[in-house]
Amino acid sequence: MKALCWMGKEKLEVQTVDDPRILNPQDAIIRITRTAICGSDLHLYDGVIPTMQSGDIIGHEFMGIVEEVGPEVKKVKRGDRVVVPFTIACGNCFFCQSTLWSLCDNTNPNAATAEALYGYSGSALYGYSHIYGGYAGGQAQYARVPFADVGPLVVNNDLPDDKLLFLTDIFPTGYMGAQDADIQEGDTVAVWGAGPVGIFAAASAFMFGAKRVIVIDRFPERLELAKKVGAETLDYAKNDVLKSLRELTGGRGPDAAIDAVGMEAHGSGPGGLYDRAKQTLGLSFDRPTVLRQAILAVRKGGTVSIPGVYGGLIDKIPFGAAFGKGIVMKMGQTHMMRYLQPLLERIEKGEIDPSFIISHRIGIEEIPEAFRVFRDKKYGCTKVVIDPWTDRTGALVPRDGTATQQAA
Amino acid sequence: MIQAEIETQLDARTRLSVGQGEPQSTTEKAARSPWLYAAALAAVYLFRRQIFSPGGLMFATGFYAAKKVKTGQLFGAAMQGVVREQATFTINKPAGELYDLWRDLEGAPRYMESIQSVKLTGGTTSHWVMDLPGGGTLEWDSELTAQEPGRRLAWRSIGETPVPSAGQVAFEPAASGRGTVVRVDQEFLLPGGKLAATMGGLFSRTPGGFTRENLRHFKQLAEAGEIPTTKGQPHGPRSATTKVTQAFTGDREQQNIEPQTGTIDHDIERQEVA
Ligand SMILES: NC(=O)c1ccc[n+]([C@@H]2O[C@H](COP(=O)([O-])OP(=O)(O)OC[C@H]3O[C@@H](n4cnc5c(N)ncnc54)[C@H](O)[C@@H]3O)[C@@H](O)[C@H]2O)c1
Ligand SMILES: [Zn+2]
Ligand SMILES: [Zn+2]
């Protein structure tokens with residue numbers, strides 16, 4: 001099959017590799033019909049997630065048709081159409097049974113490595129470094145899905161893939177980001193990042209009863225999407241974020257703050273330079289510009305919810321402010337299996353069509369270039385989806401003059 | 001006040017006595033070898049490059065420890081004593097069920113790394129074969145020294161063996177009925193010389209690592225019904241550096257898993273989706 005392989009920092013290649021096989025009795029093999037690039041994948045592309053190995057197949061947002069099941073798979077059948085959540089869970093451990101699915105005890109073969117770094121290991125993820133299990137990912141034509149009866153959501157409707165695909169990660173992630181923000185009826189919520197996660201967090205914040213949602217970013221096409229879900233927008237390149245948020249909230253600060261940017265926040269000023277230098281020198285994995293702002297901006301006693309990913313150590317975090325203001329912080333990989341069925345129902349009822357964030361539909365050979373375009377936010381790129389059975393669609397680069405200019 | 005007690009002693013019948021294995025000076029020599037320091041430096045380098053690994057960390061720690069205590073002393077002391085290891089996990093299953101799973105000794109290769117086979121040789125005795133890195137095997141006989149259903153099993157090696165060992169596993173209901181606390185205590189008498197050298201190839205698995213990972217696999221088997229693995233999955237070309245990293249991180253999920261099927265049957269009738 002064809003698969004996207006990580007060959008090093010900013011080095012991706014589409015390779016022909018072996019087809020996946022059933023390795024454990026509860027495995028299934030999925031023929032992938034749609035897959036996507038996630039903001040989290042950009043951290044891999046930029047080489048800021050440790051324990052990647054050249055040759056790793058990446059990608060964790062995929063759906064498709066079950067081709068084959070292991071002898072212990074009871075519910076999912078050959079031919080089923082499934083959406084595969086990006087976290088892998090066993091369903092039987094203390095954490096799974098407490099619905100803390102992304103903290104499953106039993107799916108990471110490299111749990112010892114994770115323990116050395118984090119103390120304890122969370123669940124494994126598809127295509128997301130060896131500390132998270134080293135499982136081959138889904139930017140490929142087939143994928144092996146362990147614990148097939150626990151994770152995959154079988155869909156029995158005829159909605160197109162594009163409407164369902166984001167159940168694999170970003171819609172539930174934005175939704176949990178809003179839930180973790182502990183929003184009360186009438187609240188004002190600030191969301192950093194108008195990427196897919198931020199947009200779904202903003203849309204979900206209204207579902208939880210927010211009265212106002214303010215989305216912060218600097219790319220007009222992304223802020224446009226935020227407006228579409230009913231949010232107000234704030235361009236951080238043109239405004240002082242802290243001052244503006246204070247003004248916009250009558251001097252009190254937003255009731256909740258959501259960091260939907262994570263470890264590669266774009267920073268400005270000396271703080272930003274300092275973080276970037278540290279990350280480049282390998283002294284630190286993360287650039288916590290947004291986290292700092294969120295802590296300082298949220299109102300006293302408010303909640304900071306962090307769906308944005310952090311990988312290692314961070315410094316210059318205003319912990320005194322967090323303490324002094326008595327805030328609450330919640331974070332983590334999404335507990336996917338909590339949200340699949342309820343969010344599917346919202347899509348089926350027509351309450352939301354998540355495909356509105358898609359800007360580019362491409363073929364498998366175009367993925368390496370699409371990473372660059374998505375990272376650099378070129379050509380109005382907000383979300384890229386891939387048909388792994390098509391080589392190229394030619395839709396990535398617009399056919400006007402900009403193409404040659406951007407190719408350099 | 002109750003003092004939290006985490007040290008467990010094996011009972012007198014199970015416990016190893018120190019006179020059992022003769023320390024050999026080859027290990028002391030190995031400890032003074034420049035190769036050890038070269039490896040330690042390599043590990044520190046890999047660590048700095050953020051190719052983080054337990055193997056690398058182990059070496060780095062070894063390096064500092066060796067610098068602190070005089071190498072001869074450190075290894076000499078370690079060689080004369082018994083190596084004691086402990087691992088604890090809470091498993092989401094009743095104690096009785098877990099006891100039975102462990103008591104099925106012939107099933108041990110399913111969750112114990114590098115154990116090739118276990119054969120019962122009597123009511124309480126069994127014969128164990130372990131694969132060593134580089135091809136050889138290590139064989140020994142073992143005897144159960146305690147069997148308390150639902151609570152505790154203990155064992156020790158019997159007869160001639162290069163690595164005398166003993167251990168026990170205890171099952172205790174966790175607070176508020178949240179599963180069973182399973183604790184393994186093991187003792188090894190590691191000889192120096194040839195075996196210590198072969199053990200050197202294990203970089204990422206110290207005896208403690210084995211104790212802990214085997215118990216983790218036991219938990220996974222008991223709770224999830226299988227042990228997670230990625231061995232045998234597809235990947236693109238691995239670079240030379242990646243191969244070095246893999247050697248250091250011990251990228252060698254245990255168990256030679258036999259895939260249930262060969263390749264995908266592409267003839268499946270496809271339910272095309274729009
Ligand atoms: N918790 C989870 O389980 C989970 C799942 C998926 C994604 N994520 C994480 O969520 C984050 C966002 O993902 P995405 O797919 O939306 O990525 P993305 O890269 O498309 O979006 C990030 C957005 O943040 C904006 N941004 C950068 N610096 C900023 C700043 N200083 N202030 C305000 N906005 C800033 C960028 O302009 C961009 O629009 C990533 O860190 C990703 O890893 C987490
Ligand atoms: Zn993702
Ligand atoms: Zn679990």
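Chain A is the first sequence line, chain B the second, and so forth, proteins listed ahead of strands; every chain is numbered from 1. Excluded from the calculations below are hydrogen atoms, water molecules and symmetry mates; all remaining heavy atoms, backbone and side chain alike, are included.
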Highest number of heavy-atom pairs under 4.5 Å with chain B: which of [options]?
{"options": "A:Gly64, A:Ala111, A:Cys90, A:Cys5", "value": "A:Ala111"}
{"options": "A:Met1, A:Gln26, A:Gln15", "value": "A:Gln26"}
{"options": "A:Glu72, A:Met7, A:Glu13", "value": "A:Met7"}
{"options": "A:Ile57, A:Val150, A:Thr16, A:Asp27", "value": "A:Ile57"}

Most contact-rich option vs chain A, by heavy-atom pairs under 4.5 angstrom, among B:Gln220, B:Lys93, B:Glu226, is B:Glu226

Shorter than 4.5 Å, heavy atoms on both sides: which option in B:Ser239, B:Pro234, B:Gly179 has the most such pairs with chain A?
B:Pro234

Rounded distance (nearest 0.5 Å) linking atom [atom1] of [X] with atom [atom2] of [Y]:
{"X": "B:Thr230", "Y": "A:His130", "atom1": "OG1", "atom2": "NE2", "result": "7.5 Å"}
{"X": "B:Ile227", "Y": "A:Asn106", "atom1": "CD1", "atom2": "CG", "result": "10.0 Å"}
{"X": "A:Arg144", "Y": "B:Thr229", "atom1": "CZ", "atom2": "OG1", "result": "6.5 Å"}

Non-hydrogen atoms of chain B under 4.5 Å away: do they reach the side chain of A:Ala3, the backbone, both or neither?
neither

Scanning both residues in full, the closest heavy-atom pair of B:Pro228 with A:Asn24 reads CA-ND2, 3.9 Å

Contacts of B:Glu223 that satisfy salt bridge (Lys or Arg N to Asp or Glu O under 4.0 Å) - sequence neighbours left out:
B:Lys219

Between A:Leu23 and B:Gln233, does the side chain to side chain contact (heavy atoms under 4.5 Å, CB included) criterion hold? Intermediate values first, please.
CA-CA 8 Å; A:Leu23 298 176; B:Gln233 72 174 8; 4.2 Å; yes

Criterion side chain to side chain contact (heavy atoms under 4.5 Å, CB included) on B:Asn92 and A:Gln97, from CA distance to verdict
CA-CA 10 Å; B:Asn92 212 6; A:Gln97 295 196 341; 3.3 Å; yes

Which bit of B:Arg178 comes within less than 4.5 Å of chain A, counting heavy atoms only: side chain, backbone, both or neither?
side chain

Please list all pairs passing the side chain to side chain donor-acceptor pair (under 3.5 Å) test where one or both residues lie in residues 114-127 of chain A, with sequence neighbours left out.
A:Asn108-A:Ser121, A:Glu115-B:Arg212, A:Glu115-B:Arg216

